[in-house]
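Small disclaimer: the values here were computed from a predicted structure and weren't measured. Throughout, protein chains are lettered first and strands after them, A, B, ... in sequence-line order, and every chain is numbered starting at 1.
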Amino acid sequence: MKRIEIKEVLALSGDGRAVSVCGWVRSRRGNKNVSFIALNDGSTIKNIQVVADLAKFSDEDLRQVTTGACLHVTGTLVESMGAGQTVEIQADSIEVYGTADPLTYPLQKKGHSLEYLREIAHLRPRTNTFGAVLRIRHNMAIAIHSYFHEHGYFYFHTPLITASDCEGAGQMFQVTTKNLYNLKKDKDGQIDYSDDFFGKMAALTVSGQLEGELGAMALGKIYTFGPTFRAENSNTPRHLAEFWMIEPEVAFIQKEELMDLEEDFLKYCVRWALDNCKDDLQFLNDMFDKGLIERLRSVIDTDFVRLPYTEGIAILQEAVKKGRKFEFPCNWGDDLASEHERYLVEEHFGKPVIMTDYPKEIKAFYMKLNEDNQTVQGTDVLFPAIGEIIGGSVREENYDKLMAEIERRNIPMKDMWWYLDTRRYGSAPHAGFGLGFERLLLFVTGMQNIRDVIPFPRTPKSAEF
RNA sequence: GCUUCCUUAGCUCAGUCGGUUAGAGCAUCUGACUGUUAAUCAGGGGGUCCUAGGUUCAAGUCCUAGAGGGAGCGCCA
């Protein structure tokens, strides 16, 4: 008999048909006449109830049916006599594929702390919570590809290994085949990379943006979606050393259209979750965050605030005048601290904010300079609880202005001639943004720690599994 | 990287002012129960109190250092 997934079984009527299912035992309970096995195969957060009549199965048969064991069950699908489910399987045979010794199996049918589950990340996908999070994670990835594909973007693959030293987005992990305990040095005592694999210093990418711009200057609209690596010693619930980033880059758009894209894209993803992950969201809503679904709905129903930095500073200073205390100062020219972002998003407006036109000194070299010569066309999306979920900008397309900024900042561009060529040959106005995939997942799942929305998190001092 | 908190049974946690044999719930094991819903009820077993020093008649408790983890901040997505 062909095995069917539990998600499919639960949609059938209990008309007495024969079924075959496989899955892992979540719990077993019962009395001396009947045993109830909650079985889950990952296809849905819901379990199928398998009923084992003890007239048909001996204690010996069921002794190995413990929490965590893997079973293959055949039986008859019937209307449930109990209250918790509509259908259940009256078992004819139970084959134990793999046992799980209850004395050593780390997962129990009772709840566990998320911190504990991080220590057993190889098994935590078997819990309700991580099953839900990981199914949502998949759906969000599909939503992202779907959005861009529907809107005529091309999925552009940027390299993970890069030899350019000035992407400027953070500390990089070096890539080498050299023996780090016996490095060849040149006459000045510097490391000699000439005999290394790439013949020069190489590292894992911190951003695909610069290469993404090359794609946009040919294909018009592209997006990247891949792993990104930052060697920053960041110990927070919002940072990973290895995370996934989405970076669309679009030719011929201005700031307003960029903000439209950011807002439309985020709403599309959230709507996708509400439409396609109902059971999983309901579980997370019930177990972790009673306001989750309501908050997701509110995001797709509201217009994001579009707030120039200068006005944001004015609002913050007004708040300070009225007695609001902040740890850090917020004068024009300062980078906003988390507390300032949170005040604006959570207290003052109560909805997502797209902050624009930042002082050029606090933003990257490639952002387009405004006519005031003071501000650049950054467009960051700030979300409640998460902070900066998107960092975007219109790019400076004028070669002379871009070079002037590069020189002013002493950025070493000798390996970046290819990037500058975009401005030398057929330069075009263009814009784009970077979205941290896991930060989107924090928002969509309501999880509090970014280590709980990726299967195997990498953080400082932690690369287990 | 800075600040701060935590580490006691398989899991979650209590443990008073430093004082006798370190406790609870759940899990596990045994038994009871004719359909349970994280079943319930009764009973049993289960401890390097994170590690190493120190103070003290006496340390789970106080001190120092280290390890691991959480949170806040910085950096950022």
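- If you check every strand for non-hydrogen atoms under 4.0 Å, A:E327 touches nothing.
- Residue contacts for A:R118: at a heavy-atom cut-off of 4.0 Å it reaches the sugar-phosphate backbone alone, with no base atom in range.
- The residue A:A83 sits close to a base: some heavy atom pair falls under 4.0 Å.
- At least one donor-acceptor pair under 3.5 Å links the side chain of A:N139 to the backbone N or O of A:R135.
- Atom CZ of A:R63 is surrounded by 12 or fewer heavy atoms from other residues, nucleotides or ligands within 6.0 Å.
- With RNA chain B read from its 5' end, the first of the two nearest nucleotides for A:M245 and A:E115 is the one closest to A:E115.
- One interatomic measurement links the two molecules: CG of A:D286 to P of B:A38, which rounds to 12 Å at whole-angstrom precision.
- As judged by a 4.0 angstrom heavy-atom cut-off over every strand, A:I389 is placed among residues touching the sugar-phosphate backbone only.
- For A:H112 and B:C11, a side-chain-to-base donor-acceptor distance below 3.5 Å is absent, hydrogens and geometry of angles not being considered.
- Per the geometry, CZ belonging to A:R28 stands 16 Å off C1' belonging to B:A38, to the nearest Å.
- Shown here are the side chain to side chain donor-acceptor pair (under 3.5 Å) partners of A:D53, two or more places apart in sequence or in another chain: there are none.
- Distances shown here put every side-chain N or O of A:R451 at or beyond 4.0 Å from the OP1 or OP2 atom of B:G69.
- Once the 5.5 Å centre distance and the 30° plane angle are applied, the aromatic ring of A:F36 is found not to be stacked with the base of B:A39.
- Below 30°, between 30° and 60°, or above 60°: for A:Y155 and A:Y223 the angle between ring planes is below 30°, a parallel geometry.
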Contacts under 3.5 Å, N or O only, protein and nucleotides 28-34 of chain B:
residue : atom : partner : partner atom : Å
B:C33   : OP2  : A:K32   : NZ           : 2.8
B:U34   : O4'  : A:N33   : ND2          : 2.6

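- If you take atom C1' in B:C26 and the same atom in B:U40, they sit 14 Å apart, rounded to whole Å.
- Among the heavy atoms of the strands lying under 4.0 Å from A:F328 are primed sugar atoms or P, OP1, OP2 only; no base atom is included.
- If you check every strand for non-hydrogen atoms under 4.0 Å, A:E341 touches nothing.
- Using a 4.0 Å heavy-atom criterion, one finds that A:T228 contacts no nucleic acid atom at all.
- Within a 6.0 Å sphere centred on CH2 of A:W24, other residues, nucleotides and ligands contribute 12 heavy atoms or fewer.
- Between A:R458 and A:E464 there is no salt bridge, since no side-chain N of the basic residue sits under 4.0 Å from a carboxylate O of the acidic one.
- As judged by a 4.0 angstrom heavy-atom cut-off over every strand, A:Q90 is placed among the base-contacting residues.
- In this structure, A:P237 reaches the sugar-phosphate backbone alone: every heavy-atom distance under 4.0 Å involves primed, P, OP1 or OP2 atoms, never a base.
- Under a cut-off of 6.0 angstrom, the local environment of NZ in A:K46 is sparse, with at most 12 non-hydrogen atoms contributed by other residues, nucleotides or ligands.
- Picking from B:G35, B:A77, B:G74 the nucleotide with the shortest atom distance to the side chain of A:I450 gives B:A77.
- Between A:R29 and B:A39 there is a side-chain polar atom (N or O) within less than 4.0 angstrom of OP1 or OP2.
- For A:E339 and B:G72, a side-chain-to-base donor-acceptor distance below 3.5 Å is absent, hydrogens and geometry of angles not being considered.
- Atom CD1 in A:I89 sits roughly 21 Å away from atom P in B:G35 (whole-Å rounding).
- Aromatic rings of A:W332 and A:Y309 (six-membered ring for Trp) have centroids within the 6.0 Å cut-off, being under it.
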Please walk me through it: do A:D289 and A:R295 pass salt bridge (charged side-chain N to carboxylate O under 4.0 Å, His left out)? CA-CA 10 Å; A:D289 182 353; A:R295 198 163 59 247; 2.6 Å; yes
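- Of the candidate nucleotides B:G69, B:G35, B:U37, B:G69 has the atom lying nearest to any side-chain atom of A:S462.
- A:Q85 comes within 4.0 angstrom of a nucleotide base, judged by non-hydrogen atoms across all strands.
- Separating the P atom of B:C2 from that of B:G25 is a span of 43 Å, rounded to the nearest Å.
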Stepwise, does the salt bridge (charged side-chain N to carboxylate O under 4.0 Å, His left out) test hold for A:E438 with A:R238? CA-CA 8 Å; A:E438 285 78 15; A:R238 296 177 302 282; over 6 Å; no
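- Nearest nucleotide to the side chain of A:R238, out of B:G1, B:C73, B:G10: B:C73.
- In this structure, A:S234 reaches the bases: a heavy-atom distance under 4.0 Å links it to at least one base atom across the strands shown.
- Comparing B:U55 with B:U61, their C1' atoms are spaced 13 Å from each other, to the whole Å.
- Spacing of P atoms, B:C6 relative to B:G45, comes out at 33 Å, to the nearest Å.
- Distance alone, capped at 3.5 Å, is enough to place a donor-acceptor pair between the A:H112 side chain and the A:Q108 backbone.
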Apply ring pair (Phe, Tyr, Trp, His ring centres under 6.0 Å) to A:F148 and A:F265, showing your working. CA-CA 9 Å; A:F148 288 122; A:F265 167 74; 5.1 Å; yes
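- Rounded to whole angstrom, the span from the CG atom of A:L435 across to the P atom of B:C76 amounts to 17 Å.
- Between B:G35, B:C26, B:A39, one nucleotide has an atom nearer to the side chain of A:Q108 than all others, and that is B:C26.
- At B:A39, one or more side-chain N or O atoms of A:S27 fall inside 4.0 Å of OP1 or OP2 (strictly under the cut-off).
- Comparing the C1' positions of B:G72 and B:U37 gives a spacing of 41 Å, expressed to the nearest Å.
- Rounded to the nearest Å, the gap between the P atom of B:U51 and that of B:U7 is 13 Å.
- Listed for the A:R29 side chain is no donor-acceptor partner under 3.5 Å among the backbone atoms of A:S35.
- Residue A:L440 is out of contact with every strand shown, counting any heavy-atom pair closer than 4.0 Å.
- Atom CH2 in A:W24 sits roughly 21 Å away from atom C1' in B:A38 (whole-Å rounding).
- B:U4 and B:G43 are spaced 45 Å apart, taking the C1' atom of each and rounding to whole Å.
- Note on A:T104: nothing from the nucleic acid sits closer than 4.0 angstrom, heavy atoms only.
- Backbone-only contact: A:N449 has heavy atoms under 4.0 Å from sugar-phosphate atoms and none from a base.
- Contact annotation: A:S338 side-chain N/O to B:G74 OP1/OP2 distance is under 4.0 Å.
- Of the candidate nucleotides B:G74, B:U37, B:U12, B:U37 has the atom lying nearest to any side-chain atom of A:Q49.
- Annotation: B:A22 and B:A9 have their C1' atoms spaced 11 Å apart (nearest Å).
- Listed by first residue number, the stems of RNA chain B with at least three Watson-Crick or G-U pairs below 3.5 Å are B:1-7 with B:67-73, B:10-13 with B:23-26, B:28-32 with B:40-44, B:50-54 with B:62-66.
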